[in-house]
Every structure is written in structure tokens, then in C-alpha cells.
Amino acid sequence: MTVTSEEDLEEFRASVRGALSQVSTSARVREAMLTASGRDEPTWRALVQLDLPGLMLPERWGGSGLGAAEFAVVAEECGAWLACTPLFGTSVLAVPLLLALGDEAALDAYGPRVASGELTATVALAEAGARWDLGTIRTAARRDGDGWRLDGGKSHVVDGATADLLLVVAGTPDGPGVFAVERDAPGMAVEPLVTLDLTRKMARIELDGVPATLVGPVGCADALAAATDVSRALLAAEQTGVAQRCLDMTVEYAKTRIQFARPIGSFQVIKERLADALIKVESARSAVYTATRSEGAALARDSRVAALMAGKAASWVTAQTIQLHGGVGFTWEHDAHLYFKRARTSAHLLGDAGEHVAALAGMLEREVV
């Protein structure tokens with residue numbers, strides 16, 4: 001695995017941060033989150049101009065041919081600026097799955113359009129209880145001549161109401177399969193969901209004989225697991241960005257908020273909270289660094305570790321941000337609650353802490369045996 005040098009990654013980070021700081025402002029985020037689509041078009045255009053949707057796609061399909069280590073930089077900055085765009089569903093969820101399935105016909109059809117920003121996509125896997133777990137799949141795929149039809153329902157689909165392409169995971173007699181469904185396909189009903197995090201729209205999808213195209217082979221559980229590992233590591237990178245941004249905001253506030261004739265940052269209890277926050281953020285970043293440079297079984301393990309550490313860091317740091325800002329931190333006008341809600345919902349998006357711990361315990365047991 002070849003990874004861009006740290007110096008080049010930092011220059012890349014500066015470019016992404018510079019673009020997002022200009023377009024993904026608090027006002028824009030708040031405006032976008034109150035719309036039905038939840039999409040901030042100027043921010044999306046800026047990301048497309050930087051060629052970020054196809055960053056992980058090979059050059060053959062219009063991408064940059066880079067990997068998770070490079071995209072982690074993008075994900076972290078998008079988390080820091082709460083970018084309201086289709087990038088997460090398209091490039092964090094759908095692209096890794098397309099690559100893991102290795103269906104060249106599908107990549108020929110969708111890859112260049114994804115890379116150019118023309119096509120947005122997402123993955124519909126979760127069902128009952130919003131769990132990202134193949135064991136809970138009840139949606140069924142049945143043959144219909146040379147094609148397939150899908151019956152069932154999906155819940156908490158990121159960008160499910162707006163994505164141009166849905167990669168739906170459904171069961172077949174020969175194991176799980178991934179099926180491409182175009183937006184507005186006949187037989188598909190979409191219901192936008194009101195969730196805690198207004199900056200990331202989700203939807204419930206009902207499928208009643210929906211025509212679909214098989215992507216990759218049936219019985220693709222290994223490909224689904226591999227893609228989820230990449231997506232989980234990148235979600236952890238986004239969570240790290242959320243935590244870092246809140247730490248930065250709180251440090252700045254502690255320097256300027258005066259109480260008892262001195263900045264509150266000079267009080268020992270505040271120093272200790274901020275030091276704990278820094279340790280959690282840097283630990284999460286280290287875990288993400290490791291996961292996005294891993295492959296195979298190591299990635300399966302390291303992505304779980306990164307998800308645990310980044311999820312806990314984001315949840316704890318965002319809560320401390322509200323607390324340490326005092327009364328203003330609890331208001332709608334301050335951005336602290338937006339980051340807190342993003343952290344809380346993301347901590348359950350691709351598996352919660354209990355699932356990660358159980359999976360890691362199982363891996364350790366198998367290694368010992």
C-alpha cells in the first residue's frame with residue numbers, strides 16, 4: 001500500500017480546510033439543515049471542484065487513484081466543518097462497496113459519473129433497529145427474467161431521499177447481494193426521517209417489486225464486510241474532525257471568557273478537562289491513522305478500534321464543549337449542539353460501541369485459539 005507523504009497530506013489538508021472554511025459556514029450549515037434535501041450546494045460544488053468525490057476511484061474511472069489514508073483527511077475536515085453534502089453517502093459508503101465488489105461493468109457505468117459529481121449514491125443496508133448488520137437483513141431479491149426485483153424495507157439510509165443511486169443489500173437463496181436501484185424507481189416509497197442530527201439527512205425506504213440490477217456476485221458477504229471496514233475507518237476520521245473542532249472552539253473560548261477577573265482557561269479544573277480532551281482527540285487520530293493504512297484482517301480489527309476511540313472522543317468532547325461554554329453552550333444559536341448531535345448519531349451509524357467491543361473480543365479469541 002502506497003500512501004502520500006505526510007508533508008503532502010498536510011498541504012492537501014490545508015487546501016480542503018481552506019475551501020470548507022469559505023463555504024461551509026455556520027450560517028450555510030443551518031440553512032441547509034432546515035431544507036428537505038439537507039444539501040449545501042455551494043459546499044458540494046467546492047468539493048467537486050477539488051475532485052474529492054472520486055478520490056478513491058482508480059484513474060480508469062475518472063478518479064484520483066488514492067486510498068483511505070488520503071480520504072481520511074477529507075473526512076476529518078468535513079466533520080470539522082459539518083459539511084452538508086452527499087460526499088459521505090457517495091464516497092464513504094458507496095465507493096468502497098463498488099470497489100470491494102469489483103464489478104467492472106458497474107464501475108464503468110457509475111464510476112466516471114461519481115467522480116465528476118454528476119451522480120450521488122448511498123448504501124441501504126440497515127433495517128430493523130437501524131443496525132448495520134447482515135444478520136438483520138430481511139429485504140429479499142427475486143429473479144425476474146434477466147433482472148431482479150426487491151421486496152422489503154430499509155431504515156436510516158443516509159441521503160436516502162436524495163441520492164441518485166441506491167446500492168441496496170438484499171438476501172438471495174445463495175447469500176446476500178448488492179443491487180443498484182435508480183432514484184424514483186417504480187415500486188419504491190421514500191419517507192424522510194427526522195433524526196437527532198439535522199445536518200445528515202436519513203430516510204426510510206419501502207421496496208415493493210422494485211426493479212434492480214445486481215452489482216457483483218451474490219454471496220458477497222466478504223466484500224460487504226471489507227467495504228464496511230473502510231467506511232467505518234473513514235467515519236472515525238470524520239468523528240475525529242468533529243472532536244478536534246469542538247476542542248479548538250473550547251480552547252479559544254477559555255482564553256477569552258473572563259470570570260473572577262481572569263480567563264476561565266487559567267483555572268485548574270478547566271485545564272484538566274481540556275488536557276483530557278486533547279488526549280482523547282489525539283488517541284482517536286492515531287487509531288484512524290493506523291486503520292486507514294491497514295488491509296484485510298488488520299483493517300477489520302483496526303477499524304473497530306478507531307470507531308470505538310473516535311466515537312467516544314467525539315461524544316465526550318462535544319459534551320464538554322457544551323458544559324464549558326456555560327449558558328451560551330446550551331442555546332440553539334451556538335453551534336455546540338450541532339456537533340454534539342452529529343457525534344451521538346454517528347456513534348451508532350456503522351455499529352455501536354457494544355458491537356465493536358464484541359467483535360474485537362471475538363477476533364482476540366480466535367487469535368488465541
Practice task
Is it possible for you to say whether L47 and V242 belong to one hydrophobic cluster, with membership spreading through side-chain heavy-atom contacts below 4.5 Å?
Solution key: no
Exercise for the section: Ignoring hydrogens and angles, tell me if any N or O in the side chain of H337 forms a donor-acceptor pair with the backbone of W332 under 3.5 Å. Expected result: yes
Problem - Check: E11 main-chain N/O paired with S15 side-chain donor or acceptor under 3.5 Å - result: yes
Handout entry: Single-linkage hydrophobic cluster V288~I279, side-chain heavy atoms < 4.5 angstrom
Key = no
Handout entry: Within-4.5 Å side-chain heavy-atom neighbours: D229 and R232
Key = yes
Exercise for the section: Determine, stepwise, if the pair T213 / F179 fulfils side-chain contact (heavy atoms from CB on, under 4.5 Å). Expected result: CA-CA 5 Å; T213 302; F179 299 85; over 6 Å; no
Exercise for the section: Please confirm whether the backbone N or O of G18 pairs with a side-chain atom of S21, one donor and one acceptor, at under 3.5 Å? Expected result: yes
Practice task
With rounding to the nearest 0.5 Å, note down the distance linking CD in Q244 to CD in E76.
Solution key: 7.0 Å
Problem - Step-by-step side-chain contact (heavy atoms from CB on, under 4.5 Å) determination, V357 to R304 - result: CA-CA 8 Å; V357 169; R304 295 277 188 182; over 6 Å; no
Handout entry: Check: Y339 and L82 side chains under 4.5 Å, non-hydrogen atoms
Key = yes
Problem - Trace of the salt bridge (charged side-chain N to carboxylate O under 4.0 Å, His left out) decision for R131 with D352 - result: CA-CA 9 Å; R131 292 185 61 196; D352 59 25; over 6 Å; no
Exercise for the section: Would you give the length of the straight line joining atom OG1 of T35 to atom CZ of R30, rounded to the nearest 0.5 angstrom? Expected result: 14.5 Å
Problem - Test applied, salt bridge (charged side-chain N to carboxylate O under 4.0 Å, His left out); reference residue, E238; option that passes from R285, R342, R245 - result: R342
Completion exercise
Given the options L224, L350, L349, W132 meets side-chain contact (heavy atoms from CB on, under 4.5 Å) only with L350
Handout entry: Donor-acceptor contact present, side-chain E77 to main-chain G241, <3.5 Å
Key = no
Handout entry: From R149 atom CZ to D151 atom CG, the distance as rounded to the nearest 0.5 Å
Key = 9.0 Å
Exercise for the section: If the plane angle is over 60° it's perpendicular, under 30° parallel, otherwise tilted; pick one for Y253 and H325. Expected result: parallel
Handout entry: Any donor-acceptor N or O pair under 3.5 Å, side chains S64, D51
Key = no
Exercise for the section: Report yes if some heavy atom in the side chain of Q323 is under 4.5 Å from a heavy atom in the side chain of R273; otherwise report no. Expected result: yes
Practice task
Compare every heavy atom of V157 with every heavy atom of A124, then report the nearest pair and how far apart it is.
Solution key: CB-CG2, 3.9 Å
Exercise for the section: Please tell me if the side chains of V230 and L99 come closer than 4.5 Å, counting only heavy atoms from C-beta onward. Expected result: no
Problem - Under 3.5 Å side-chain donor-acceptor pair for T122 and D159 - result: no
Exercise for the section: Please answer whether the main-chain N or O of V169 pairs with a side-chain N or O of K154 as donor and acceptor at a distance below 3.5 Å. Expected result: yes
Problem - E7 atom CD, over 12 foreign heavy atoms within 6.0 Å - result: no
Problem - Heavy-atom side-chain contact between F12 and V74 under 4.5 Å - result: yes
Practice task
Supply the atom-to-atom distance R200 CZ to H156 NE2, rounded to the nearest 0.5 angstrom.
Solution key: 13.0 Å
Problem - Side-chain donor-acceptor contact under 3.5 Å, D197 with T195 - result: no
Fill in the blank from the handout: Exactly one candidate in L98, L125, L93, L101 meets side-chain contact (heavy atoms from CB on, under 4.5 Å) with L167; the answer is L98
Exercise for the section: Could you state whether V215 and M56 fall into the same hydrophobic cluster, counting links through intermediate Ile, Leu, Val, Met, Phe, Trp or Tyr residues with side-chain heavy atoms under 4.5 angstrom apart? Expected result: yes
Handout entry: Chi angles and distances behind the side chain to side chain donor-acceptor pair (under 3.5 Å) call for D302, S294
Key = CA-CA 7 Å; D302 295 340; S294 300; 2.7 Å; yes
Problem - Connected via hydrophobic side-chain network under 4.5 Å: V23 and L34 - result: no
Problem - Where L52 and S91 come nearest, the two heavy atoms and their spacing - result: O-OG, 4.1 Å
Completion exercise
Interatomic distance, CG@L87 vs CG@L55, rounded to 0.5 Å, equals 9.0 Å
Exercise for the section: Taking the side chain as every heavy atom from C-beta outward, state whether V178 and D103 have any pair of such atoms under 4.5 Å apart. Expected result: no
Handout entry: Pairwise distance OG(S231) to CZ(F88) - rounded to 0.5 angstrom
Key = 7.0 Å
Exercise for the section: Using side chain to side chain contact (heavy atoms under 4.5 Å, CB included) as the criterion, list what pairs up with V218, not counting sequence neighbours. Expected result: W148, T172, D174, L214
Problem - Candidate pair L198 and L338, rule side-chain contact (heavy atoms from CB on, under 4.5 Å), full reasoning - result: CA-CA 8 Å; L198 296 178; L338 300 179; 6.0 Å; no
Show the atom names and distances, to 0.1 Å, of all donor-acceptor pairs under 3.5 Å that link a side chain in residues 180-187 to residues at least two apart or in another chain.
| unit_1 | atom_1 | unit_2 | atom_2 | d |
| --- | --- | --- | --- | --- |
| R183 | NH1 | T162 | O | 2.8 |
| R183 | NH2 | D164 | OD1 | 3.4 |

Practice task
Please check if the side chain of H356 supplies one atom and the backbone of G351 the other of a donor-acceptor pair under 3.5 Å.
Solution key: yes
Exercise for the section: Identify the heavy atoms of C78 and L20 that sit nearest to each other, and give their distance. Expected result: N-CD1, 3.9 Å
Handout entry: CD/E31: more than 12 non-hydrogen atoms of other groups inside 6.0 Å
Key = no
Exercise for the section: Work out which heavy atom in L234 is nearest to a heavy atom in A68; give both atom names and the distance. Expected result: CD2-O, 3.6 Å
Exercise for the section: For residues R293 and Y289, determine if any side-chain heavy atom of one lies less than 4.5 Å from a side-chain heavy atom of the other. Expected result: yes
Exercise for the section: May I ask whether W81 and L9 are part of the same hydrophobic cluster, defined by side-chain heavy atoms of I, L, V, M, F, W, Y residues being less than 4.5 angstrom apart, directly or through others? Expected result: yes
Problem - Closest heavy-atom pair and its distance - I205, G160 - result: CD1-O, 4.1 Å
Problem - Donor-acceptor under 3.5 Å (E252 side chain, M249 main chain) - result: no
Practice task
With side-chain contact (heavy atoms from CB on, under 4.5 Å) as the test, would you mind laying out the steps for V29 and S24 before giving the verdict?
Solution key: CA-CA 6 Å; V29 169; S24 190; 3.7 Å; yes
Exercise for the section: Please answer whether the main-chain N or O of R138 pairs with a side-chain N or O of E127 as donor and acceptor at a distance below 3.5 Å. Expected result: yes
Completion exercise
Tightest non-hydrogen contact, residues G153 and E206, listed as CA-OE1, 3.9 Å
Problem - Basic-acidic side-chain contact under 4.0 Å: E41, R39 - result: yes
Exercise for the section: May I ask you to test the F71-V92 pair for a side-chain heavy-atom distance under 4.5 Å? Expected result: yes
Handout entry: All side chain to side chain contact (heavy atoms under 4.5 Å, CB included) counterparts of V114, not counting sequence neighbours
Key = L57, T90, V95, L119
